[in-house]
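Side chains included, hydrogens not; waters and symmetry mates left out as well; all remaining heavy atoms used. Keep in mind that this is a model prediction, so the values were computed, not measured. Naming convention: chains lettered A, B, ... in sequence-line order (proteins, then strands); numbering from 1 in each chain.
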Amino acid sequence: MLEGFNFRVIWEYMPFFMEGLRNTFLISIVSLFLALIAGITACAGRLSPWKSVRGLAIVYIESIRSTPLLVQIYFLYFGLPTLGLRVPELQTGIIALMLNSGAYIAEIVRAGMTSVPNGQIEAGISSGLNYFQRMRFIILPQALGVTVPPLLGQAIVLVKDSALLSLISVLELTRVGQTLTSERFMPSEAFFTVAFFYLCIYFVLKTLADWSQKKLIFREAY
Amino acid sequence: MMLFYFQRLIEIFPFFLKGLWMTAVVSGISLIMATIFGLLLGIARASKNKLLVGLIGAYVAAIRGTPFVVQIFIIFFILPEWGIQLDAFPAAILALTILGTAFICEIVAGGIKAVPRGQWEAASSSGLNLYQQLRYVIVPQSLQTILPPLVGQYVLLIKDSSVVSVIGVMDLTRVGWVTVNRIPEGLMVFTLVGILYFAISYPLIRLSNRLEKKMATQQVML
């Protein structure tokens, strides 16, 4: 099955793979950071008292969640130039990932915010805790347990989603595999190596997510 | 100019419907197959056979840890090297089935494990064989936990099916990509593509939410 698997080529292309891995990393981290901002903003909009703001946030979240990421990427990639905006592929891709993950993060954050019952906050106020004490001792310990594990799950999804940027010729890990395939015609070497690197990232993030789930889930003392 | 393109777009709208049909066929076939295999593997994964559990776990991790594009490239470019020649359409269905099975098997295993042990014991002491235990006692109860995420998984699968456009399956995304090369109005073309995806995913998302609420109230009543 794997006889004739050419490790020499992989080794020869290793610097190139490393560059792709680094770019995948950078793209994911930057997009995740921006998506957090977008998500928290959208969540604030979703919970806002003004109907129009709420409507806008719902339209954003639902339209992102019911269309494929690839279509969103193409929408920006082919659509921004028609608006007269010349945005390089890399930035287009990061904007797409930010908008996409932002919608999912908005829902995660909302689940966290609404997970703490109002009565507890009222109980905190009547116990004479100030705002920061309420945050520190009542809200955050419970909300973080609900938010952080799915956020790490979203980070895993984001890393995998960034592979789609290879289709608009952003040089990241998957693109390196495509290049190696077209230059040497060695798809197994190329894509198994790419898959291996993704698996490494996956296991690190997964371990972190499982650990956070164990550590952060606030257990009610019955 | 925009009006002219808009008219062109309306002229070729049947082409988009064909793409929508292709998306529905590809994702429909693979989600039926993924449900069947996912149910079987999920039951096996919830069993006590360590070897089986480990093997399925490795498969699930390999699928969840790598991007779907990479999986498609592996199936489409590497299988021919091993002497298995697949057209784009069967390759797409194979890839989507493998992907869907991995996720559905986790959902099913989780649902089965959520059924209390006592139910198993009661079923086996009533003299039911393994098939009867599953068919009449365990699976009907686990459906409560399985159904809402399962429908959610169908939405993800439909959205992921957009990626099979990269190997040349004429699905909705591919139609958009081809069209945008002739009608250079990216925003217009991909808004149309997005609306058509929305038309199939959004009802399913609503259904998933409805099921979740319904199941939650049923659980309280139990």
When only pairs under 4.5 Å are counted, which of B:Gly186, B:Pro67, B:Ser201 shares the most heavy-atom pairs with chain A?
-> B:Pro67
B:Phe190 vs A:Tyr74 aromatic rings, parallel, tilted or perpendicular, using cut-offs 30° and 60°?
-> tilted
Side-chain contact, heavy-atom cut-off 4.5 Å: A:Thr181 with B:Phe73?
-> no
Atom pair CD1/CD of B:Ile78 and A:Glu189 - distance to nearest 0.5 Å | 8.0 Å
Heavy atoms of other groups near A:Met113 CE, more than 12 under 6.0 Å | no
Looking only at heavy atoms, which two atoms of B:Gly65 and A:Tyr202 are closest? And how far apart?
-> CA-CG, 3.3 Å
In terms of heavy-atom proximity below 4.5 Å to chain A, should B:Ala199 be classed as side chain, backbone, both, or neither?
-> neither
Find the one option among B:Thr191, B:Ile158, B:Val155 whose heavy-atom pairs under 4.5 Å with chain A are most numerous.
-> B:Thr191
Side chain of A:Ser66, backbone of B:Phe198: donor and acceptor closer than 3.5 Å?
-> no
Pick one of side chain, backbone, both or neither for A:Gln178, based on which atoms fall under 4.5 Å of a heavy atom in chain B.
-> side chain
Check whether A:Leu205 gets within reach of chain B through its side chain, its backbone, both or neither, counting any heavy atom under 4.5 Å.
-> neither
A:Phe25, CZ atom: more than 12 neighbouring heavy atoms under 6.0 Å = no
Selection from B:Ile205, B:Asp160, B:Leu156, B:Ile200 maximising heavy-atom pairs under 4.5 Å formed with chain A = B:Ile205
To the nearest 0.5 Å, what is the distance between OG1 (B:Thr173) and CG (A:Leu167)?
-> 10.5 Å
CG of B:Leu172 to OG1 of A:Thr67, rounded to nearest 0.5 Å, is 11.0 Å
Over 12 non-hydrogen atoms of neighbours within 6.0 angstrom of CZ in B:Phe15 = yes
Within a strict 4.5 Å, meaning less than it, do heavy atoms of the B:Val70 and A:Tyr198 side chains meet?
-> yes
More than 12 heavy atoms from other groups under 6.0 Å of CG on A:Asp210 | yes
Which portion of B:Val69 sits near chain A, non-hydrogen atoms under 4.5 angstrom = side chain
From A:Leu164 CG over to B:Ser162 OG, what is the distance, rounded to the nearest 0.5 angstrom?
-> 7.0 Å
Do B:Tyr202 and A:Arg65 have side chains that get closer than 4.5 Å, going by heavy atoms?
-> no
Check whether more than 12 heavy atoms from other residues, nucleotides or ligands sit under 6.0 Å from atom CZ of B:Arg210, and answer yes or no.
-> no
So how far is it from A:Thr82 OG1 to B:Tyr5 OH, rounded to the nearest 0.5 Å?
-> 10.5 Å
Under the 3.5 angstrom rule, does the side chain of A:Lys160 hit a backbone N or O of B:Arg64 as a donor-acceptor pair?
-> yes
Which region of A:Tyr77, side chain (C-beta onward) or backbone (N, CA, C, O), has a non-hydrogen atom less than 4.5 Å from a non-hydrogen atom of chain B, or is it both or neither?
-> neither
Kindly indicate whether the side chain of A:Phe196, heavy atoms from C-beta on, has any atom under 4.5 Å from the side chain of B:Thr66.
-> no
How long is the gap from CZ on B:Arg174 to CG on A:Leu70, to the nearest 0.5 Å?
-> 11.0 Å
